[in-house]
Structure formats: C-alpha cells, structure tokens
Trainee: 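Pasting a structure below so you can have a look.
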Amino acid sequence: VPTLTINLTVNGKPVTADVEPRWPLVEFLRDHLRLTGTHVGCDTSQCGACTVHVDGVAMRSCTLFAVQADGCEVKTIESLSTGDKLHPMQQAFHEHHALQCGFCTPGMVMSALDLVRREGHDLSEGMIRDNLEGNICRCTGYYNIIKAVAAGAKAMRGDASS
Amino acid sequence: MHLAVVEVDRGTGRVKLRQYFTLDDMGTIINPMIIEGQVQGGLAQGIGQAMMEHVIYDKNGQLLSATFMDYAIPRASDMPPLKSEYICTPATSNPLGVKGGSETGTIGPPAAIGNAIVDALWHLGVRKVELPFTPYSVWQALQSAEV
C-alpha cells in the first residue's frame, strides 16, 4: 500500500510519519505513536471514546483519516496532566467518582474541555447533558460525569493549563 | 423499590422520564460512593432495557441492530433526575453483614416504568405495553386500547 508523508504536532511535539491513506487518525495515534489513552469504542462516530482535539476542536479520531490531520495540532488525553498532577478536569472526574470502567473517560474529558472552550466555566446541568450527547457511557448513568464536568469547568477558571 | 414518574405524549407515544426514585437494602454499606455509582449506572442500563435497547434479527437471522445507529442506549440527556435512598438490614450470612450491591439499579426500571406508563394511560383503556417502551410500542398500545 502506498504511503503519504504527513507533518503534524501531537501533544506539542512535531511528528513526521509515513502513513497509509486508509489509516484512521486513532489507529495512527494508538498503534504507531503508542498513545493508547485514546480509545476505540464503536469505530463509527457514535460513542465518542476516541475524541481528541484537532486544532483545538473536539473531533472523532476514528472517522478522521491520519492524512487529514496533516499540518494540524493534535492533542490527546495524554497531553493534559503535568507529571503526576492531573488536569483540573481529570481531577474532577477522580473526585466525583465519574468513571467506573474508564473506557469512555478519555473521550468524556476531551469533549468536556471542548465544551468549556465554547461555553465557559459556568455550565448548567442541562447544557452539559446536551453537549455530552455524542459520548456514551455504560457504567455511570452519567450522573457523576455531569457533576465532574461542572466542577472541572469551575476549577479550570484561571488555571494556566486550561 | 423503584418508582418512576413519566410523561407520555398521546400523539406520538414518546415517553419522557421526569423523575426517578430508588430505595435499596444493601445490608452494611462499606463505601457509599461506590454503591451510589452502582445504582446510578445500573439505572441507566435498566432504563436502556426498558425504553430503547432492542436486539432485532430479520427472518434470515441477520442482525439489524448491529451498531449504535440502530441499537439505542441511554445518553446523558435520557437520564431522569434521581433520588436514591438506602435502608440497612445486615446480612446474616457473613460477619460483615454485607450484600451484593453491583448494578442493583438495573433490575427495577422495566417494571417501574412500565407500571408508570400503564398508570398514565389507564383512563384511555391501556392495560399493558410491550418492552421496550419505544414511541412505536406505546403508540401501538394506545391504538389497540379499548376506549
């Protein structure tokens, strides 16, 4: 299979790679860069587990080709924590028991951060529920995720990493 | 014990969950946070079973609900406000008095929601609805009601 060369930034580091045109971005991230924090749930844009940020916007990396990320800045869940210090949104998920199996969590967190970017730090329950429409969770019933996103959004106020 | 408060659209058969109450006897509760998480998560699974999840095969055995496009499971906006309470009757079968608490919320919703729907539509002659309580199922129950 012929490959194409792409240049992109992944979690702040420049990456140059030869990729097959058919590779989804998530396959490139997981199998070739070994960034396995991003999960593949449904592989068809339904579940949101593979959500990453491309040029600052939340996108499904399972239905975006790696070649489409050429020249882009990609951020995955691995980019959020600083050493052992969790990002405020991750910390909020931890404190509110917002994950059980954890499979949907990377996507939930990345979607939540995109929501904060768009709507700010004071998020109503209804707004969070509506905006997490694209992220499926099978364990938590969403209750604690909603609480965590609201708390995480507040905690991000004035935080440099937000 | 589970109690559901529902709102039914007579025109479309769509059911909206307005409020949900659970009361469980978990025996001695060691970690309330985890128990609450199990009730909440189980509730979502039970609501999915009650209201939308349906494995459908055609007559040749072809699975028709093979993706999340066709097989609906609850999303954040499908979950009702929940009030959960607990009573404690320690189990006598073990020294700690503990009981299994995993996914207890899963069990109640089909019965509680089904009862609430039939109660809401009783005056229209509806005596039963078929699982899952999709708009189609509830609409059919309304159409075949005697009144």
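Letters A, B, ... mirror the listed sequences (proteins, then strands); counts begin at 1.
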Trainee: Using the rule that Ile, Leu, Val, Met, Phe, Trp and Tyr join whenever any side-chain heavy atoms are under 4.5 Å apart, tell me whether B/I113 and B/L82 fall into a single cluster.
Mentor: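 Cluster IDs for B/I113 and B/L82 match.
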Trainee: Please state whether the side chain, the backbone, both or neither of A/I146 comes within less than 4.5 Å of a heavy atom of chain B.
Mentor: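 Contact with chain B involves the side chain of A/I146 alone.
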Trainee: Specify the closest pair of heavy atoms between B/R75 and A/Q46, including all atoms of both residues, with the distance to one decimal.
Mentor: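 What the structure gives for the nearest pair is NH1-O, 3.2 Å.
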Trainee: In this structure, are over 12 heavy atoms from other groups packed under 6.0 Å from B/R10 atom CZ?
Mentor: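 Incorrect, the count does not exceed 12.
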Trainee: Is the number of heavy atoms from other residues, nucleotides or ligands within 6.0 Å of CZ (A/R34) greater than 12?
Mentor: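 12 or below, so no.
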Trainee: For a 4.5 angstrom cut-off between non-hydrogen side-chain atoms, does A/I136 reach B/F68?
Mentor: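 They are in contact (side-chain heavy atoms under 4.5 Å apart), so the answer is yes.
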Trainee: Indicate, with yes or no, if A/L115 and A/V54 share a hydrophobic cluster defined by side-chain heavy-atom contacts under 4.5 Å among Ile, Leu, Val, Met, Phe, Trp and Tyr.
Mentor: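 Looking at the clustering, A/L115 is in a separate group from A/V54.
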Trainee: Looking at every heavy atom in both A/G141 and B/A44, which two are closest together, and how far apart are they?
Mentor: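 The pair with the smallest heavy-atom distance is CA-CB, 3.5 Å.
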Trainee: Does a donor on one side chain and an acceptor on the other come within less than 3.5 Å for B/S77 and A/E133?
Mentor: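 Side-chain D/A pair, B/S77 to A/E133: present.
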Trainee: Could you look at A/Q100 and say if it's the side chain, the backbone, both or neither that has a heavy atom under 4.5 Å from chain B?
Mentor: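 The side chain, not the backbone.
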Trainee: Is there a path of hydrophobic side-chain contacts, each under 4.5 Å between heavy atoms of I/L/V/M/F/W/Y residues, joining A/M127 to A/L113?
Mentor: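 Both belong to a single hydrophobic cluster.
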Trainee: Hey, quick one: are A/V149 and A/L86 part of the same hydrophobic cluster, counting side-chain heavy atoms closer than 4.5 Å, chains of contacts allowed?
Mentor: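 No, A/V149 and A/L86 fall in different hydrophobic clusters.
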Trainee: Flag yes if B/L131 and B/L43 sit in one hydrophobic cluster, no otherwise; membership is Ile, Leu, Val, Met, Phe, Trp, Tyr, and two members link when side-chain heavy atoms are under 4.5 Å apart.
Mentor: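 B/L131 clusters together with B/L43.
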Trainee: Please classify the contact of B/I34 with chain A as side chain, backbone, both or neither, using a heavy-atom distance under 4.5 Å.
Mentor: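 Both backbone and side chain.
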Trainee: What do the steps show when you test B/E103 against A/R138 for salt bridge (Lys or Arg N to Asp or Glu O under 4.0 Å), and what is the final call?
Mentor: CA-CA 11 Å; B/E103 298 181 6; A/R138 198 43 153 165; over 6 Å; no
Trainee: Any idea which of B/A76, B/G48, B/G41 has the most non-hydrogen atom pairs under 4.5 angstrom with chain A?
Mentor: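 The candidate making the most pairs under 4.5 Å is B/A76.
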Trainee: Using the side chain to side chain contact (heavy atoms under 4.5 Å, CB included) rule, pick out the option among B/E36, B/Q40, B/M33 that qualifies with A/H97.
Mentor: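 Filter result, single survivor: B/M33.
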Trainee: Surrounding NE2 of A/H94 (heavy atoms of other residues, nucleotides or ligands, distance under 6.0 Å), is the total greater than 12?
Mentor: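 At most 12 heavy atoms, drawn from other residues, nucleotides or ligands, come within 6.0 Å of this atom.
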Trainee: Counting N and O atoms only, with roles assigned by atom type, does the side chain of A/Y142 sit under 3.5 Å from a partner on the main chain of B/P74, one being a donor and the other an acceptor?
Mentor: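 Yes: the side chain of A/Y142 pairs with the backbone of B/P74.
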